[in-house]
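Index from 1, following the sequence. None of these values were measured; they are calculated from a predicted model.
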Amino acid sequence: MSSSNELPAKCIECYKATVSRFHRKCRFCNELEFEESVLCDLNRCVQDIADFQCYAFQPILRLVDAVITHVTKFDNGSTKEIRKNSLAELLKSDKIKYERALALQKLDRDPEGVYVQLKYHFAWSISHRRAVFRPTEDFFGLVYDTFLGCGELVGGFVNLLYMAPDHIHAYVESDGELSVEELAHRIKGFSNKAILKKFPHIRDMFGGGAGIWDEAYFVETIG
């Protein structure tokens, strides 16, 4: 996370920039202890401090006790267990079982062959962290299908893991032919066009010309 002397004034006033906690409106963030400071950093790193915008801004208006109640506490070692269990569910899916069986068949036919399959967890925010996907049930079906449709673009498989009002989490499998940057670029570009085509009113929230997604993204390998 950025040091306090590098933060925009709005972030310094925002309790999310000073209190370590997880996104209250994202179940996935809570399960993986994915701290909201990551989303804050992604939002800041693509903007100039002078023109900084953040629609997730919340000033410190609550009592200390009220803020503390939002900080999730875990016993020692439970973080790894939660992450392990959540990813284990993902890796037991029928899709991944099929991919593993197919890879074993390929290796059986060609033991000298090299087959690459990389698995990633991506997260990125809506521009300026606007809560565009609200209510989420109005958008989830289209966004979910759109991400599934990105599989051919990345030479693998894309699945929407969770959609919060101001950001998404995605699972991506790749054959290693594309860089991580290109994976994110293709998925964002394809999904941006599909979402704006279905919900053209969203474009007005960004001045008519900008896309939905922030340029920055978080990625980690899994599996």
* Go through H23 and D166 one step at a time and tell me if the side-chain contact (heavy atoms from CB on, under 4.5 Å) criterion holds. => CA-CA 10 Å; H23 201 301; D166 64 347; 3.1 Å; yes
* Working for salt bridge (Lys or Arg N to Asp or Glu O under 4.0 Å), residues R186 and E181 -> CA-CA 9 Å; R186 292 192 180 193; E181 183 177 3; over 6 Å; no
* For side-chain contact (heavy atoms from CB on, under 4.5 Å), just list the numbers for I126 and W213, CA-CA rounded to whole Å, side-chain angles, deciding distance to a tenth of an Å, and then say yes or no. => CA-CA 5 Å; I126 293 174; W213 310 121; 4.0 Å; yes
* Asked: Going through the distances and angles, do T221 and L118 end up as a side-chain contact (heavy atoms from CB on, under 4.5 Å)?
  -> CA-CA 7 Å; T221 56; L118 303 176; over 6 Å; no
* Would F140 and F133 satisfy side-chain contact (heavy atoms from CB on, under 4.5 Å), going step by step from the backbone distance to the final call? -> CA-CA 8 Å; F140 184 81; F133 297 142; over 6 Å; no
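Using a 4.5 Å heavy-atom cutoff, the side chains of K119 and H121 are not in contact. A 4.5 Å side-chain heavy-atom check between Y162 and T136 finds every atom pair outside the cut-off. Side-chain atoms of S174 and L183, non-hydrogen and from C-beta on, do get closer than 4.5 Å to each other. Side-chain atoms of Q53 and K10, non-hydrogen and from C-beta on, never get closer than 4.5 Å to each other. A heavy-atom distance below 4.5 Å is not found between the side chains of F199 and V132. The shortest distance between side-chain heavy atoms of K25 and E36 does not fall below 4.5 Å. A 4.5 Å side-chain heavy-atom check between V154 and I187 finds at least one atom pair inside the cut-off. Side-chain contact between I168 and W124 is present, with at least one heavy-atom pair separated by less than 4.5 Å.
Residues passing the salt bridge (Lys or Arg N to Asp or Glu O under 4.0 Å) test with E215, sequence neighbours excluded: none.
Here C26 contributes atom SG and L39 contributes atom CG; the two are 8.0 Å apart, rounded to the nearest 0.5 Å. In this structure, L161 CG and R27 CZ are separated by 9.5 Å, a value rounded to the nearest 0.5 Å. Atom OG of S37 and atom CG of L42 lie 9.5 Å apart (nearest 0.5 Å).
Note on I222 and V172: same hydrophobic cluster, where clusters join Ile, Leu, Val, Met, Phe, Trp and Tyr whose side-chain heavy atoms are under 4.5 Å apart, directly or indirectly.
A donor-acceptor pair is defined here as one N or O able to donate and one able to accept, closer than 3.5 Å; no such pair exists between the side chain of D214 and the backbone of S125. A donor-acceptor pair under 3.5 Å links the side-chain atoms of S191 to the main chain of K188, judged by distance alone. Without hydrogens or angle criteria, K198 side chain to V143 main chain gives no donor-acceptor distance under 3.5 Å. Checking side-chain atoms of D48 against main-chain N and O of A50 turns up no donor-acceptor pair under 3.5 Å. Looking only at distances, a side-chain donor or acceptor of Q47 sits under 3.5 Å from a matching main-chain atom of N43.
For the pair R130 and Y55, the cation-pi criterion (under 6.0 Å, within 45° of the ring axis) is fulfilled.
Dense packing is recorded around CD of E182, with more than 12 heavy atoms of other residues, nucleotides or ligands lying under 6.0 Å away.
Ring planes of Y120 and F122: tilted class, angle from 30 to 60°. Note: F139 and H201 have tilted aromatic rings, judged against thresholds of 30 and 60 degrees for the angle between ring planes. Using the six-membered ring where Trp is involved, F34 and F218 have ring planes that are perpendicular, over 60° apart on the 30 and 60° scheme.
Nearest heavy-atom pair across R44 and F52 is CG-CE1, 3.5 Å.
Aromatic ring centroids of F28 and H169 lie under 6.0 Å apart.
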